Structures are given as C-alpha cells and as structure tokens.
Amino acid sequence: MPKNEECRYMKSHEWAYLDGTEALVGISDHAQKEITDIVFVEAPKLGRKVSSGESVATVESVKAAFDIYSPLSGEISAVNPEVSKDPAIVNKDPHGKGWLFRIKPSSKEELNALMDWKQYQEFLKTQKH
Amino acid sequence: MALDEALLLFSPEEGVTLRFYSWPESSATFGRHQSFQFVEREIKQEGKPALSCTRRITGGGLVFHGEDLTFSITFPWKEPITPTEIYQSLHHLIGEELRQEGISLHLKSEPSAIAGLNKICFSVPEKSDITALDGAKILGGALCRKNKRGLYQGSLKTSLISLSLAQIKQAIFRATSIFGKKNPEEKIPFFERSKISLLVDKYRSQDWRLRVP
C-alpha cells in the first residue's frame, strides 16, 4: 500500500497513487478525521467512465453524506469490497486497507497536476483558521 | 428536495440560505443511503402504505412529515469543521433561542444506542438532537457536503413547543448566525429552469428513490 509521500492529492482530500497502469484512490487521513465515524461507503460502478473532479462516490458518517471526487479521468476498474462490508476501515487505515477504488487513467498527466505530499501539507495549513 | 439541492449547488460559495417548507399530511423522507426495503417496511408498519416518500441527499434516518416544520440551511462549509461540530453548534444555538422564548428543553449529550443506517429519525434521539424534558424529540436533522458547501435539513415537531410558527421561525433564523452571516437569504434565488428541471426529474425518478446502495 502507498505511503503518504508517494500519493498525489486533490484539494478535496482524495489521494491517487499510480500502481502500474492503474491508479489507486482513497481519502486522506485529514479527510477521514474531518468526516469522523464513517458508517457507509457508496462505491462507483465498475466500468464507469469518469472525469477528473467528478463526484463518483459518497461516504456517510453519522447523519452526514459527503461526495468523493475522482482525482483522474478514466474508467473505474475495481472497487474495494472490504470498505462496503466494514466502512470503519476508511477511518482506521485511509491510505491502506481503506482505499476506495481503482481507475484506469486516460491520461497520466492529470496525476502531475495534483499536489504532492509537501504541497498538500502546505495546503492543509492554509485551511486552518 | 430538488430546491434544497439547487440551493446547495448553485448559491454563491459564501452564501447562507434558509428555507422553510411543509408537506402534505402523508409524506416521508429518508436518508441518502437507507435501504428502500427498510423504508417500505416501516411505512407499512406505520399503517400508511399510500404515503409518498422521497430520498434525501442528506444522511440520517426516515422522517414522517406532516406535524413538523421542515427547513433547510445551505452554508459555506469551512474546514476543518466536522459534521458533528456543525450539528452540535447549530442545535445548541437553536436550543438557546427557544429557551429565551421560555421553552424548556435538552440537548441530548449521549449517542443513540442504535448503530447503522436504518433508523427512524424521531423514534430515538441522537446526540445533539433537541428533546423535551420528558425525552421526546423536538428537533432532528441531517447534513450533506458538496465541494465547499453544506446543506442541513431539519425537522422540528411544532406540536411539542408552545410557540407560534412565526416565533419558531425567528428562533431558527437567528441561530443561522453561526454560519457567519447575520441575515441569511430567505428569498429563493433565480435558477436556470434547465438546472432545476434536472434535479426535479432526479427526485421523481425511481432510480433515485429505489437505488440500492
């Protein structure tokens, strides 16, 4: 599973990690803490073609539903069945067992446009008030 | 429901809106990820099989409408505020406003013992719900976040409060100050017809209503 430093990040706190020809996608530790106790994950449909920035999944914590956005354009190639069975995995291990889906990116250049770990840390500092 | 989503999606990023609405007597709404089978079963048990029901975009449980005042607030969801903090702060402030009008109430401090998604909103109060002194739930709500904006949808049992509708609305109106604006927008802004039509179609569709998570 990818380390924090190996992933690229969106401002909406999704991470992407290029794993061969596919990218693994999840939410950051910061996001899971903000969402708090996740009780449900609605995964995207397999084979769905998505654009970067498109809402593709949702997670629900107590009483609140959150949209999850795709960091890349491409086709959904796998979803994590474990998080559907036990959504709390996303809270416990957001960069590991709590990954959400895999995507076959139509362009790897989009990955470079995302923030790296250092940039993401800087971005998080700007969000504190 | 379509209008609430439109206010969430198309209002200015920093805008705060407050909308009050009511339902025909036999109506229900249920949470974004609740199973329709569960909802159908509960509606039958309630003895209202003909009741019309709609899936909300917010989380939370099944709500039977008719004897309640429903309202929605859209607001800029500033990070790093958690949904629990928003829920608690808003209900605390609404509670304070109602207390100032002479109403005795509690803000529930313990979480509900029922876990999971399939819940009926007014049967068991959740943490930070407003209840009467005897424990009966007065106000419950649910949230949704899209991009940097949030939507709160609330249901308040007016029969449990000896205030006029106007007084209750004023209390809620004042409580929206927690979102950083003294006066939220109450007038429904103009939205492009095509945008609204798409949302209306969505909420009327079987796909949305029956979707099996």
Side-chain angles (χ1 to χ4, degrees), chain A residues 9-14 27-45 48 51-71 79-81 83-88 90-91 100 115 120-129, chain B residues 5 8-9 30-35 55-61 63 76-88 90-91 108 111-112 114-119 121 124-129 139-155 180 207 211-213:
Chain A
Y9 297 85
M10 294 180 84
K11 285 184 176 174
S12 48
H13 309 295
E14 292 80 2
I27 61 169
S28 70
D29 188 51
H30 170 88
Q32 71 79 16
K33 280 180 186 153
E34 202 173 89
I35 294 169
T36 56
D37 301 332
I38 295 172
V39 294
F40 188 82
V41 175
E42 183 179 22
K45 284 209 171 96
R48 177 174 162 189
S51 304
S52 66
E54 185 179 335
S55 167
V56 290
T58 48
V59 297
E60 184 165 337
S61 66
V62 180
K63 289 181 171 281
F66 293 80
D67 277 16
I68 304 295
Y69 301 92
S70 178
V79 294
N80 184 354
V83 296
S84 302
K85 285 184 220 157
D86 181 9
V90 182
N91 290 116
L100 298 178
M115 291 179 280
Y120 181 59
Q121 292 306 301
E122 289 300 315
F123 169 71
L124 290 182
K125 282 181 199 164
T126 67
Q127 299 300 294
K128 289 179 183 161
H129 54 95
Chain B
E5 189 169 347
L8 171 68
L9 293 175
F30 54 101
R32 168 107 168 232
H33 297 119
Q34 286 196 293
S35 128
R55 188 182 292 277
R56 296 187 307 269
I57 195 176
T58 49
V63 187
W77 191 313
K78 306 274 189 197
E79 294 189 23
I81 297 172
T82 66
T84 314
E85 287 167 336
I86 291 174
Y87 199 78
Q88 192 174 8
L90 178 64
H91 282 202
K108 193 170 184 290
S112 122
I114 301 175
L117 289 173
N118 289 331
K119 298 177 181 178
C121 185
V124 184
E126 297 277 352
K127 189 175 178 184
S128 300
D129 281 342
L139 172 66
L143 289 156
C144 162
R145 186 172 78 184
K146 275 183 178 285
N147 291 316
K148 290 177 186 291
R149 287 185 55 74
L151 165 67
Y152 168 92
Q153 291 174 318
S155 166
D207 271 2
R211 71 208 296 255
V212 181

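Remember, it's a predicted structure, so these values are computed and weren't measured experimentally. The analysis underlying the following values was restricted to heavy atoms, covering all of them including side chains, and did not include hydrogens, waters or symmetry mates. Labels below follow one simple rule: chain letters A, B, ... track the order of the sequence lines, proteins then strands, and each chain is numbered from 1.
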Quick check for you: to the nearest 0.5 Å, what is the distance between [X] atom [atom1] and [Y] atom [atom2]?
{"X": "B:Arg32", "Y": "A:Glu42", "atom1": "CZ", "atom2": "CD", "answer": "6.5 Å"}
{"X": "B:Thr84", "Y": "A:Glu34", "atom1": "OG1", "atom2": "CD", "answer": "11.0 Å"}
{"X": "A:Phe40", "Y": "B:Gln34", "atom1": "CZ", "atom2": "CD", "answer": "11.0 Å"}

Point to revise | Non-hydrogen atoms of A:Ala65 and B:His33 that approach each other most closely | key: CB-CE1, 4.4 Å
**Study point:** Shortest non-hydrogen contact from A:Thr36 toward B:Pro83
**Key:** OG1-CG, 4.1 Å
Check your understanding: Would you say the side chain of A:Asp67 lies within less than 4.5 Å of the side chain of B:Lys146, judging by non-hydrogen atoms?
Key -> yes
Exercise for review: Specify which of B:Gly31, B:Gly141, B:Cys121, B:Gly140 makes the most heavy-atom pairs with chain A at under 4.5 Å.
Suggested key: B:Gly141
So which part of [X] gets closer than 4.5 Å to some heavy atom of chain A, the side chain, the backbone, both or neither?
{"X": "B:Tyr87", "result": "side chain"}
{"X": "B:Lys148", "result": "side chain"}
{"X": "B:Leu151", "result": "neither"}

Check your understanding: Checking heavy atoms, do the side chain of A:Ser61, its backbone, both or neither come under 4.5 Å from chain B?
Key -> side chain
Practice item. State whether the side chain of A:Glu60 and the backbone N or O of B:Gly60 hold a donor-acceptor pair below 3.5 Å, judged by distance alone. Key: yes
Exercise for review: Return the set of residues passing ring-ring contact (aromatic ring centres under 6.0 Å, His included) with A:Tyr120 (not counting sequence neighbours), or none when no residue passes.
Suggested key: A:Tyr9, A:His13
